[in-house]
Amino acid sequence: MSRSARYAVFGHPVAHSLSPRIHAAFGDQTGIAVDYAAIDAAPGAFADAPADFAGSGGDGANVTLPHKEAAFALANTRSDRAQRAGAVNTLVRRGGTWHGDNTDGAGLVRDLTDRHGLDRRGRRTLLIGAGGAARGVAGALLDAGVDGLTIVNRTPERADALADALGEPGRVHPRYLERVGESGEFDLIVNATSAGRGGAVPALPRALVGMRTAAVDLNYGEASVPFLAWARAHGVREAIDGLGMLVEQAAESFALWHGVRPETDPVFDALQARNAALVSAD
Ligand code: NDP
């Protein structure tokens, strides 16, 4: 009897992940039988996990915090966007080896463009954070035509390293977090830190926000509350959480695995309604 292909998200912790729900919804919508599980892999246990998974029928996987850089290292081949990010969030089984890709940046740009009608061209953009998620979205923001990308991070050396890796010194400017107020207003402020998971927000001055500033948090649910509250309190024109990006990056992974691009709006609407109920119930 033939065994159907298996998919999974690897992370630590991962029990909270919405990815199994999203991929099941895409499967229902497209008529593709999707066997997609959440697999908790502690940092020391991740190195062998994709090979073990392949041995039991694994054909594709998402990789989330904290394993994206380890997934990059173990992939046998990599897409250009994964190469640029130095991080992999999607593994695709090809000819008995793992191909690494990164769909985070495409997911963010598609959410901002298609769902929120936000034109990134010519926008002065501030990226806060230099971890795996920031690495995933920085190249896509540049490709989408932002007018200069300023990068700040709690650990400034990581902002410098990300700026170097992007290889566009004329457009990418690492700055000290404490001095970012000197850079003036930004049209787009992207929070790619995990500070909100602990209820915190990086210390940001009011001077960053102008009349047409849009603020985007890659986090969603409770973790997005501190940054988006800061943004609204400072009068941003639009405050967007990371739920749309989550659904869009998942759709991009689904298309890589199954060759079909699912409709994202119904899945996004259902998750947003559920999330709103959860946040307001707290
Ligand atoms: P990493 O652990 O790789 O990086 C964390 C980043 O947050 C680093 O830049 C770190 O700075 C910074 N940071 C952590 N705590 C604080 C703090 N208290 N104050 C200031 N900065 C802080 O995580 P990822 O980059 O993978 O993920 C970041 C967030 O983005 C996560 O919460 C994740 O859930 C979310 N995400 C959402 C996605 C979506 O589809 N919507 C996709 C991917 C991620 P330092 O370098 O100094 O440690």
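One-based numbering, in listed order, for ligands and for the atoms of each. Only a predicted model underlies this, so the values are computations on that prediction, with no experimental measurement involved. We use all heavy atoms of the structure for the numbers below, so side chains are in, but hydrogens, waters and symmetry mates are not.
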Under 4.0 Å from ligand 1, counting heavy atoms only: the protein residues, by chain and number: Leu65, Lys68, Asp104, Gly129, Ala130, Gly131, Gly132, Ala133, Asn153, Arg154, Thr155, Arg158, Ala192, Thr193, Ser194, Ala195, Arg197, Leu218, Asn219, Gly242, Met245, Leu246, Gln249
Would you list the atom pairs, donor with acceptor, under 3.5 Å between side chains in residues 262-271 and any protein atom, with sequence neighbours excluded?
| unit_1 | atom_1 | unit_2 | atom_2 | d |
| --- | --- | --- | --- | --- |
| Thr264 | OG1 | Arg115 | NH2 | 3.3 |
| Thr264 | OG1 | Glu248 | OE2 | 2.8 |
| Asp265 | OD1 | Arg115 | NH2 | 3.1 |

Check: His67 side chain, Ala41 main-chain N or O, donor-acceptor pair, under 3.5 Å: yes
Under-4.0 Å salt bridge between Asp187 and Arg212: yes
Any residue meeting side chain to side chain donor-acceptor pair (under 3.5 Å) with Asp217, in chain and number order, not counting sequence neighbours: Asn191, Asn219
By side chain to side chain donor-acceptor pair (under 3.5 Å) - contacts of Tyr7 (at least two apart): none
Salt-bridge present (Lys68, Asp104; N to O < 4.0 Å): yes
